[in-house]
Every structure is written in C-alpha cells, then in structure tokens.
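Whatever order the structure lists them in is the order used to number ligands and atoms, beginning at 1. Worth knowing before you read on, the calculation uses all heavy atoms, side chains too, and leaves out hydrogens, waters and symmetry mates. On a predicted model such as this, the values are computed, not experimentally measured, just so you know. The first residue in the sequence is number 1, and the count goes up from there.
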Amino acid sequence: MNAVIRGTGACTPEKVLTNADFEKMVDTSDDWIVSRTGIKERRVVSSGESNSDLCFKAGQNALEMANISAEDLDMIIVGTVTPDYYLPSTAALVQDKLKALNSAAFDVVAACAGFLHGLSIARGFILNGNVKRVLVIGSEVLSRITDYTDRSTCVLFGDGAGAVVVEAEETGDQNGSGLLSSYLRADGSKKELLWIPIGGSTNPITPHNVEARERYIMMSGNEIYKLAVRAMCDAALRALDQVGINTEQISWLIPHQANIRIIEGVARRLKIPDRKVYLNIEKYGNTSAASVPIALDEANRKGMLKKGDYILMVAFGGGLTWGASLVRW
Ligand code: COA
C-alpha cells in the first residue's frame, strides 16, 4: 500500500502588506527586512475573512486537481495555531464548507510543523488500511495574533493556506509514488522561545490584560534561528535514513519559509544546491503551517515536480516542534 499525493492546492488572501507599508508602521526598513529575512511582502486577510475560508479554497483546489469529490474524503486534518474558534476545530468547519459528508475532521497544533504532522498522521491511517482519502491542510491567519507595534516579529508573518489530497494506492511497486517516510519531534521545555503567553486557559484574557502584548506572538528570534537550522537538518537526515536515500538523490527541498538565512543554512549543511531549494518567502513571509503546502502547490502547478522525484519537506516552529517528510512524486 502507498499513500500518494493526488492533488495540491493553495489560497492566499488578496490583501498585500509590503515592506514599504511596515516602514510607515514601525522603525524598520526594506533593506533590513530583505537582508535579514528575504521577505518583500506578505498576504493578510481582510475583515470577515477567516482561516476556514482559506482552508476551504485551498482544499477545493486540491480536490479539483485530484479529481476527487469532497464526499469521498474519509478524513480532514488541519494544521493550525490560528483556528477560527477554540471550539469547534477549524477542520470541522472545513468539513461543513466542503460538504465532506463522510469525513472525520480534526486539527493538529504543531505550529510551523503542523502540516508535516498532518501528513504523517494521514500516511499512518492510510498505511494501516483505516482510511482511503485524506485532505491535509496547513493554514494560518497569523495577522490576527501579530503585534504590529513589535518590529522584531510583525515584519515576519503572513496568512495563507495550502492543501494536499492523499489517497491509498494498492500496489506492490516498491518504487511507486507516495509518502515514503517522516520524522517528528518536539521540545516543550523551550516553549517560551516562541509562544503566546496569555489568552489560553492558563492565563485567560481579562479586562485587565486585554491590551497586553503577551496576547500576541512573542519570539526570541536569535535563539530560534540557531535551533531551527540544527533541528531541521537532523530531522531531514533521519527521514532520509529511514528509506536509505541520501541528500544527493533529492530533486527538491521544500523547506518551511521562515527566513532565507535559515533555509540557506539548512541547504548548505545538507549539501543541497540552491537550484534544488524551492523558495517563495519573498512573496508570503512566514505563514507557519501553511508555508510548506503553499510552496509544494506552487512548485507542482509550475510543473517543476516530475514523476519519480524525491521531494524532501522540512519544518520547525513553536512548541518547539519540528519534522521532515520524504515523498516520491
Ligand atoms: N527592523 C529594523 N531593526 C530590527 C527589526 C526590524 N524589523 N527587528 C529587529 N531589529 C533590530 C533589533 O532591535 C536589534 O537591534 P539592537 O542591536 O539595537 O538591539 C537588531 O535589529 C538585531 O536584532 P536580532 O534579533 O539579533 O536580529 P537577527 O539577525 O537575529 O534577525 C530575525 C532577527 C527575527 C529576523 C531572526 O532572528 C530570525 O529570523 N529568527 C527566526 C525567526 C523565525 O523564523 N521564527 C519562526 C519559527 S521557525
């Protein structure tokens, strides 16, 4: 049995925030942002636009490419840290919007690694023979949890959604297409390096703290930076090791688009040349769980992914959480 990606999709909001816009909001410059992060612009939702709206459109696009109807889905998994509500899950809202009448639905909270966690769960369910078709989405509206007075974080984040349809394929072909391996890890002891201290059940929003900066993303960027490179390289090598593939055999590295310098550091350590690294960070910034599936969909729709290609996806984020997945296209 293989778990094969049949279709990809994405949805990014229309509204664009450029570096020039940030020059008017905080003490920053286009030059600083581009040289430190690689980001030129990012998309943000407009009022009334929700995470589940983005998921719905990305999911529809992926289903259309896969030529699979929503009613044929057995499971919908949404990786997100910016759900529409605490209750219900965003995946349940997507199930309703898509009219996926025969589907289970749940969210996965693993920050920027959320999509890779979802993909790994989908693969497990499929290989166990429990389900046949899973829609895996990574989607965020980070603009709703970003402090637009904090120049060290606000320039980094954007909104968007990416999706894949994964389907079971009965085959004895060991060289067929499919999700080949995955490696996931976490380190909760470092939660304070990237978190939102208030607003959850430990420290609920009260009339006294409603204006506090702690209800937005707080990050120790420099420390995250160093940990991210090391962790993503380790996860990548472990995912490759599971199936005896080396980095020279990789056709595409599709990394979490957090910072151009992190991506370059990962590629350099893994000895993967620039031409094999898919980048779109300059257009979208860091969209957390959405960044890998948006990049995968872009590369796919541009015809850059060929049958038989080994595609390595890696991500790192708050939790801390990180992981890697290997796919043969
Ligand atoms: N514009 C101008 N100056 C800025 C700025 C901005 N937007 N943001 C921070 N600075 C300033 C800092 O205040 C600091 O000034 P100081 O030296 O006077 O104190 C200086 O730039 C250097 O700050 P530092 O945090 O050391 O910069 P950096 O080179 O580490 O880059 C990040 C900052 C956030 C871009 C970088 O650490 C990063 O990308 N980290 C990973 C973040 C990430 O991707 N997280 C998501 C999870 S994967």
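Contact annotation: the side chain of Asn280 approaches that of Gln257 to within less than 4.5 Å [non-hydrogen atoms, C-beta and beyond].
With hydrogens left out, the protein atom closest to atom 33 (C) of ligand 1 is Trp32 CH2, 3.9 Å, a heavy atom. Ranking the protein heavy atoms by distance from atom 12 (C) of ligand 1 puts Arg151 NH2, 3.8 Å first. From the protein, the heavy atom lying nearest to atom 31 (O) of ligand 1 is Arg261 NH2, 3.5 Å. Nearest protein heavy-atom contact of atom 36 (C) of ligand 1 is Asn259 ND2, 4.0 Å. The nearest heavy-atom contact from the protein to atom 41 (C) of ligand 1 is Gly221 O, 3.5 Å.
Listed by number with element, the atoms of ligand 1 under 4.0 angstrom from any heavy atom of Leu194 are 47 (C). For ligand 1 and Asn286, the ligand atoms under 4.0 Å from any heavy atom of the residue are 46 (C). Proximity to Phe316 (heavy-atom distance under 4.0 Å) selects the following atoms of ligand 1: 48 (S). With ligand atoms numbered from 1 in the order given, ligand 1 contributes 35 (C) to contacts under 4.0 Å with heavy atoms of Thr37. Applying the 4.0 Å criterion to heavy atoms of Met219 picks out, from ligand 1, the atoms 42 (C), 43 (C), 45 (N), 46 (C). Within ligand 1, counting atoms from 1 as listed, the ones closer than 4.0 Å to a heavy atom of Arg36 are 22 (C), 27 (O), 28 (P), 29 (O).
For the pair Trp252 (side chain) and Met304 (backbone), a donor-acceptor distance under 3.5 Å is present. Distance alone, capped at 3.5 Å, places no donor-acceptor pair between the Thr247 side chain and the Lys271 backbone. Remark: side-chain polar atoms of Asp147 are not paired, donor with acceptor, to backbone N or O of Glu214 under 3.5 angstrom. Side-chain atoms of Asn61 come within 3.5 Å of backbone atoms of Ala10 as a donor-acceptor pair (strictly under, hydrogens ignored). A donor-acceptor pair is defined here as one N or O able to donate and one able to accept, closer than 3.5 Å; such a pair exists between the side chain of Asp21 and the backbone of Thr18. Judged by distance alone, the side chain of Arg301 and the main-chain N or O of Thr8 form a donor-acceptor pair under 3.5 Å. A donor-acceptor pair under 3.5 Å is formed between the side chain of Asn102 and the backbone N or O of Glu71. Panel note: side chain Asn300, backbone Leu305; no donor-acceptor pair is recorded below 3.5 Å.
When distances from atom 5 (C) of ligand 1 to the protein are checked, a heavy atom turns up under 4.0 Å. Under the 4.0 angstrom criterion, atom 14 (C) of ligand 1 counts as lacking any protein heavy-atom contact. Note that atom 8 (N) of ligand 1 has protein non-hydrogen atoms nearby, at separations under 4.0 angstrom. Less than 4.0 angstrom separates atom 45 (N) of ligand 1 from at least one non-hydrogen atom of the protein. There is no protein heavy atom less than 4.0 angstrom from atom 17 (O) of ligand 1.
Residue Ala258 touches ligand 1 through backbone and side chain together, judged by heavy-atom distances below 4.0 Å. At a heavy-atom cutoff of 4.0 Å, ligand 1 is contacted by both the backbone and the side chain of Thr28.
A continuous path of Ile, Leu, Val, Met, Phe, Trp and Tyr side chains, each step under 4.5 Å between heavy atoms, connects Ile145 with Ile39, placing both in one hydrophobic cluster.
The nearest non-hydrogen atom to atom 24 (P) of ligand 1, considering only Ile263, Ile262, Asn222, Val229, comes from Asn222. Of all the listed residues (Gly285, Ser152, Gly319), Ser152 holds the heavy atom that lies closest to atom 34 (C) of ligand 1.
Shown here is Lys97, whose NZ atom has more than 12 heavy atoms of other residues, nucleotides or ligands within 6.0 Å.
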Exercise for the section: Check step by step if salt bridge (Lys or Arg N to Asp or Glu O under 4.0 Å) holds for Arg230 and Asp234. Expected result: CA-CA 6 Å; Arg230 230 175 298 141; Asp234 182 63; over 6 Å; no
